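Here the structure is a predicted model, which is why all the values come from computation and not from measurement. By convention in this document, chain letters (A, B, ...) are assigned in the order of the sequence lines, proteins followed by strands, and residues within each chain are numbered from 1.
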Amino acid sequence: MNASDYGDDFFSQAEQTADLLAGLNPQQRRAAEILDGPLMILAGPGSGKTRVITHRVANMIHNGIRADQIVALTFTNKAAEELKNRIATLVPGSYVWAGTFHRFCSRLLRQYAPLVGLSENFSILDMDDVSRLLANAWAVADIADEFVSRNAVQSEISRAKNAIVTAEEYQGRAGNAVGKVTQQVYPIYQRMLLECNSVDFDDLLMWTAIILQQNEELRQSLDQRFAYIMVDEYQDTNLAQYAIVRSLSNDLPNLAITGDPDQSIYGWRGASIQNILGFEQDYPAVEVVRLEQNYRSTKAILSIADHLISNNKQRKAKKLISDSDQGDPVRSMVFPSPQEEADFIARDVSQLIADGIWEPKDIAIFYRANWLSRNLEHAFNGLGIPFQLVNGFEFYQRKEVKDLIAYLRLLNNPRNDLALERVINSPSRKIGKVTLDRLKASASGKRISLLEACRICGLDGSLPARSATSVARFVSEIDRLSELQTNSIQEYLQSVLQVTHYRAVLVAEDTEQAIERIANVDELISAAREFDNQHPEDGGLQAYLETAALVSDTDKLVDGDLSLKMMTMHAAKGLEFPCVYIVGLEEGILPHERSRESAAQIEEERRLFFVGITRAERQLTLCRCEGRMKRGQFWVSPPSSFLMELPSDELDIYDRKRGSKQIADSYNNDFSVGEDWIDSECGGATISIDDHSSLSKPSPKSSSFDVQALDATDVELDENQRDRSPKNFAKPTVPKPKGKLGSIVPKITTAAAMFGIGSKKGPAGAGDGSSEFRSGMMVEHPEYGPGKITSLSGAGAKEMATVQFYSVGEKKFRVKFSTLKPLG
DNA sequence: TATTCGCAAGTTTTT
DNA sequence: CTTGCGAATA
């Protein structure tokens, strides 16, 4: 049914629709008008995708489609919340189900759990439980291979499940050690999961897909029931999700997907970019709408993004069009160490805030991995800038929070042995490893749950009397708690605290840590109260536990939170901020060390960077360090190869002058960079600062300023700032290289070595003459710094290399006589 | 037999 | 720099 089906109320309907869609551009409008049949919306970053989806849903409802026939599957709960709210604003009183795939599957699976051997009160294990259970399975399987890591097997199992390969079906590839071990462990692990009536994250998808595959009648009825399905971020769906969506959109193929292949960043989790690239083959009748108009970023930012992503081969060419102004050029900065990087950003940010340019909430900092936030936290704390870390598990990862939730899980699902294991001795009941092992042995011998084993341990002599008494006390506490009849989570938690004396024990401890834990317990309780308020009817233990299990980082972002945000680029997907900093743009971090194996992985890293860049609305600063501490030592980091793919003439480059005598000498001596800075007067050092223009015509004449170490932009931005923040005068926290650093980092003789890359061979061309260069290779030039070989031609003495430099753009060299060095 | 202390090893991204 | 495991001690 759509607007062209003239009904009695045609006029009013048409008017309403016109009204509703009035604010959309032609493409957006078209997408919102197609209600039936398969639809693919290719939406570039900032193209108003959410706006289109919400208006489309509103349009559906205006056209008489029942809200309960519509399902919107999103990637995060936050995205789902936003959809729901905005739809509710457009169509007051409507209720459209929106949620993550995992939540949707969890809901379905609860209804049909017996079909796969579960009961409806199954638990969803967190990552911690999963690795403990896997360790158990590992022990049972008695794995002898010490070269295969548990992590490798864990992700192999995960990959199998994402591809709907069950434990029975799984076959490791011949000659693959991980596969071989997985084949042994996976079935045991899976059996254990069933025994404790639990699923892991991947099971939610896999079981749902299997149920739909194996029960045609059920599939048909669900296909009818969910007549209209929308999938957001389709480029990040994996095979299991794909199978689920297809099963539910077969008889009624009213399936709308939105996505952007350039933002596919979950390949490592089994997402298949093929799902979106092949959508047109799946549904030949598909209507394709492209949203290419960007409403978010300045031209300067978009151009950077565009240059970067055009280096990917596996993509559908797409332009980002913008009507916005040019905006400030994107800054590219380099710092000696992460401490200085963080210091600079903290001061830069406080300046922006002091000048009233941005508020803290307008600013975000992105990085590749969570640990990269440490120095930033430090620096921000030092300047008293409010920030929020958006790595959301953190709270649920805390021991006390996990303990309390584990109690609830055990109450909800008495067969959850992992939850029992977690709580049986916290607070301490003097039940240790030996006792627990005996209980486990008893349980597996009798094929009963751990709780049952606990219950009978006093009778069957499986434990000495003293331990049995402790265990009996534990059982009676659990029994008392299970008698509780309430829907209020707050009440549940408080009962747990009371019956187990959990809080009393903490209070008695009276240490700083205990006080913090009590605070966390209180926070959990107020969160529970909040949950109780929001779910007066449909709540209950199970709903709460499900929520607790399926929260994600970004879900914790509250509208109206005024602090600055720090998060990974993965977490940043779907968000936008006026002012963005991306840190740690170094080879090995972005692209990540472990992505270097394949071109496909490198492309995914590039897309990740693309996602990061395109979050920025007005200002973007790209930062990297020349080195960082690793396992107690200072390691030099080369710049990310991605930086060299950006148009240097469009960037504002703040860089240490290459080839500057002083700097080069200090490198040459003993790699005593840190010493140099620390020893200089008031922590200062001689750094030369060059903007791009002087960099591009390198002259030996150095334009040095005596400025504080790393404080490159003080000169540029604000001379007074140093006076305002006393911290600036503190010694820079450059790690002081200790002892025999020189023996670890090779003697520095070339610019390549400056970046810490081994210079085992002599200068290129002076050696054996055979070329060690290949196209695409990272290289280093003493004068121009790092670069990337874009092409090679000729051979022998005539071999020419074209190199794209980060600093000065493209240069050509006779390979044989050049001073180019391989990098990496 | 539980707890505590010390040493060693290991660090992507997330539902 | 943190977590996890193993040995020593109470």
(request) Look at the side-chain N and O atoms of A/Thr568 and state whether any lies under 4.0 Å from the OP1 or OP2 oxygen of B/dT14. (result) yes
(message) Could you check whether A/Arg624 makes a cation-pi contact with A/Phe335, meaning its NZ or CZ is under 6.0 Å from the centre of the six-membered ring and within 45° of the ring axis?
(response) no
How is [X] classified with respect to the nucleic acid when contacts are heavy atoms under 4.0 Å: base, sugar-phosphate, or nothing?
X	answer
A/Arg429	nothing
A/Ser595	nothing
A/Leu205	nothing
A/Ser467	nothing

(request) Could you measure between the two C1' atoms, the one in B/dT13 and the one in C/dG4, and give it in whole Å? (result) 23 Å
(request) Could you tell me whether the side chain of A/Asn312 and the main chain of A/Gln314 form a donor-acceptor pair under 3.5 Å? (result)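 It does not hold such a pair.
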(message) Is it the case that atom CZ in A/Arg466 sees more than 12 heavy atoms from other parts of the structure closer than 6.0 Å?
(response) no
(message) Please evaluate residues A/Arg315 and A/Glu603 with respect to the criterion salt bridge (Lys or Arg N to Asp or Glu O under 4.0 Å), reporting the C-alpha separation (whole Å), side-chain torsions for both, the decisive distance (0.1 Å), and the verdict.
(response) CA-CA 10 Å; A/Arg315 72 185 287 255; A/Glu603 295 211 344; over 6 Å; no
(message) Between the base of B/dT12 and the ring of A/His592 - centre-to-centre under 5.5 Å, planes within under 30° - is that a stack?
(response) yes
(request) For A/Tyr266 and B/dT14, say yes or no: do the ring centres fall under 5.5 Å of each other while the ring planes differ by less than 30°? (result)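 No, A/Tyr266 does not stack on the base of B/dT14.
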